[in-house]
Asks: 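For reference, the structure I am asking about is given below.
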Amino acid sequence: MLNRLMATLLLSWSLTGCAGNTNTNTNTNSGLADAYAGQFLIGTAVKSSTLMSALPDNNAPECREFNAFTAENAMKWQHVQPQPGAYSFVMADQLIQLAQRCDGQVIGHTLVWHQQTPAWVFEDDAGQAVSREVLLSRLREHIFTLVGRYKGQVRGWDVVNEALNDDGTLRDTPWRRIIGDDYIEYAFKYARQADPSAQLYYNDYNLYKAQKVAGAVRLVKQLARQDIHVDAVGMQGHYSLDYPALSDVEQSIIRLIEAGTNVAITELDVTVLPLPDNAHTGADITQNFTAHPVYDPYVEGLPPARQQLLADKYAALFSLFLNYAEHINRVTLWGTTDGDSWRNNWPIRGRTDYPLLLDRKGNPKAAYHGVVGLVNAAH
Ligand code: 9MR
């Protein structure tokens with residue numbers, strides 16, 4: 001690995017330094033995504049502050065390591081259309097630019113979610129719930145405007161996010177209460193019409209749980225009966241050293257493939273921190289616990305033994321994903337470096353977590369080397 005890195009560094013130096021070539025638009029292709037070429041895309045979530053400043057250059061971790069880019073927040077309804085008809089595409093446009101610069105794909109996240117959607121979407125001027133027809137027309141307009149703007153530039157959209165409860169039933173949300181269960185069908189139809197070439201995904205957390213994945217399978221089949229093909233179900237992958245069991249993740253991947261859809265791992269991270277006993281797994285952002293040092297033990301750094309456990313967990317997960325690479329189109333890490341990760345703030349704010357493959361300085365961790373080693377060993 002070290003030799004390979006050195007060789008790439010020398011090559012890029014000889015191309016840019018020696019020949020006096022000042023073109024900065026050469027992706028050195030020496031990172032994770034390059035290692036996994038031919039298996040699946042390797043993505044990252046790009047935070048809004050990155051999209052609001054000068055974009056990372058080709059040697060920055062974003063370009064070096066990844067070839068699929070999801071906006072961590074910038075394409076959510078509250079950012080794109082905070083007020084009726086007042087659209088803002090500044091950050092979303094930047095995401096497209098970044099992907100172009102890094103020779104990567106753009107993933108759209110997300111069109112329909114019960115979180116991060118402004119209250120006005122569901123209300124009339126008097127603050128009363130709007131009718132089914134009004135909400136459907138707002139949904140259609142939003143999807144046509146957003147998806148339409150990036151037609152041909154976004155590889156796929158998380159059309160609906162987190163519509164299921166852990167028991168596989170449909171979650172009670174304003175979308176469902178006002179429109180009815182078929183809001184999901186309408187969202188997919190509108191997205192398909194707005195960009196017939198984009199892939200369409202259903203995205204959720206805790207899909208390693210049997211009942212929940214059964215709910216996703218029901219959704220996929222129900223949509224298929226309406227002639228709507230779900231190109232992939234996104235298993236978010238907000239995991240921990242202690243959960244989930246690999247066999248549960250594998251069973252869920254198999255269930256989804258059997259249902260006739262592909263799988264994307266869309267928001268992978270592995271927390272190394274202890275959770276309060278009564279905390280749930282998953283990613284319900286309404287959960288919040290009071291900080292206490294006992295839940296934040298690695299402020300000064302992650303002990304080597306724990307670092308190794310993280311590396312083992314990542315290696316086990318990626319080995320599994322490689323076994324199903326034919327049906328897995330992408331593995332996206334939810335963030336770029338440990339310092340970026342939302343897990344530092346959930347479900348307890350202000351902790352020091354180490355859930356990703358690059359450390360706070362953007363350097364590869366033991367887990368990174370293990371993940372790259374899996375494919376290098378196979379070549
Ligand atoms: O990582 C995101 C965090 O910065 C936001 O505050 C939060 C609310 O918008 O959303 C986080 O991302 C979520 C993603 O959009 C959907 N799945 C769960 C993710 C983690 O909460």
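Since this is a predicted model, take the numbers as computed values, not measurements. In listed order, ligands and their atoms are each counted from 1.
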Asks: I need the nearest protein heavy-atom contact for atom 11 (C) of ligand 1: residue, atom name and distance, please.
Replies: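 Checked against all protein heavy atoms, atom 11 (C) of ligand 1 sits closest to Lys76 NZ, 3.6 Å.
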Asks: Against heavy atoms of Glu72, which atoms of ligand 1 measure under 4.0 Å?
Replies: 1 (O), 2 (C), 3 (C), 4 (O)
Asks: Is there a donor-acceptor pair under 3.5 Å between the side chain of Arg343 and the backbone N or O of Val270?
Replies: no
Asks: Tell me: protein heavy atom nearest atom 19 (C) of ligand 1, and distance?
Replies: Glu267 OE1, 3.3 Å
Asks: Identify the closest protein heavy atom to atom 21 (O) of ligand 1: which residue and atom is it, and at what distance?
Replies: Ile285 CG2, 3.1 Å
Asks: Are Arg132 and Asp182 close enough that some pair of their side-chain heavy atoms sits under 4.5 Å apart?
Replies: yes
Asks: For atom 16 (C) of ligand 1, find the nearest protein heavy atom and state the residue, atom name and distance (0.1 Å precision).
Replies: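 Its nearest protein heavy-atom neighbour is Glu162 OE2, 3.2 Å.
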Asks: Could you establish whether Trp346 and ligand 1 come within less than 4.0 Å of each other, counting only heavy atoms on the residue side?
Replies: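 It does not, in that no heavy atom of Trp346 comes within the 4.0 Å cut-off of ligand 1.
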Asks: Please work out, at 4.0 Å between heavy atoms, whether the side chain, the backbone, both, or neither of His109 comes within that distance of ligand 1.
Replies: side chain
Asks: Among Ile178, Asp172, Thr173, whose side-chain contact (heavy atoms from CB on, under 4.5 Å) with Trp175 holds?
Replies: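 The residue from Ile178, Asp172, Thr173 that satisfies side-chain contact (heavy atoms from CB on, under 4.5 Å) with Trp175 turns out to be Thr173.
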Asks: Stepwise, does the side-chain contact (heavy atoms from CB on, under 4.5 Å) test hold for Val80 with Phe89?
Replies: CA-CA 6 Å; Val80 167; Phe89 296 113; 3.9 Å; yes
Asks: Need the ligand 1 atom indices (1-based, order shown) with element for anything under 4.0 Å from a heavy-atom of Trp342.
Replies: 1 (O), 20 (C), 21 (O)
Asks: Tell me which part of Trp334 gets within contact of ligand 1: side chain, backbone, both or neither, using heavy atoms under 4.0 Å.
Replies: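 For Trp334, only side-chain atoms sit under 4.0 Å from ligand 1.
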Asks: Please check this pair: side chain of Lys313 against backbone of Tyr243, looking for a donor-acceptor N/O pair closer than 3.5 Å.
Replies: yes
Asks: Counting only nitrogen or oxygen atoms and a 3.5 angstrom limit, does Trp113 reach ligand 1?
Replies: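 For ligand 1, there is no N or O atom that lies under 3.5 Å from one belonging to Trp113.
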Asks: Under 4.0 Å, heavy-atom basis, I'd like to know which part of His238 is in contact with ligand 1: side chain, backbone, both or neither.
Replies: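 For His238, only side-chain atoms sit under 4.0 Å from ligand 1.
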Asks: Is it the case that ligand 1 has an N or O less than 3.5 angstrom from some N or O of Asn161?
Replies: no
Asks: With a cut-off of under 6.0 Å to the ring centre and 45° to the axis, is Arg360 in cation-pi contact with Tyr354?
Replies: yes
Asks: In terms of residue, atom name and distance, what is the protein heavy atom nearest to atom 5 (C) of ligand 1?
Replies: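 Going by distance alone, atom 5 (C) of ligand 1 is nearest to Asn73 OD1, 3.2 Å.
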Asks: Here's one to test your reading of the geometry: is the NZ or CZ of Arg330 within 45 degrees of the ring axis of Tyr201 and under 6.0 Å from its centre?
Replies: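 The answer is yes; both the distance and angle limits are met.
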Asks: Rounded to the nearest 0.5 Å, how far does CD of Gln226 lie from NZ of Lys221?
Replies: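 Lys221 NZ to Gln226 CD: 15.5 Å, rounded to 0.5 Å.
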Asks: Does NZ or CZ of Lys212 come closer than 6.0 Å to the centre of the six-membered ring of Tyr205, within 45° of the ring's axis?
Replies: yes
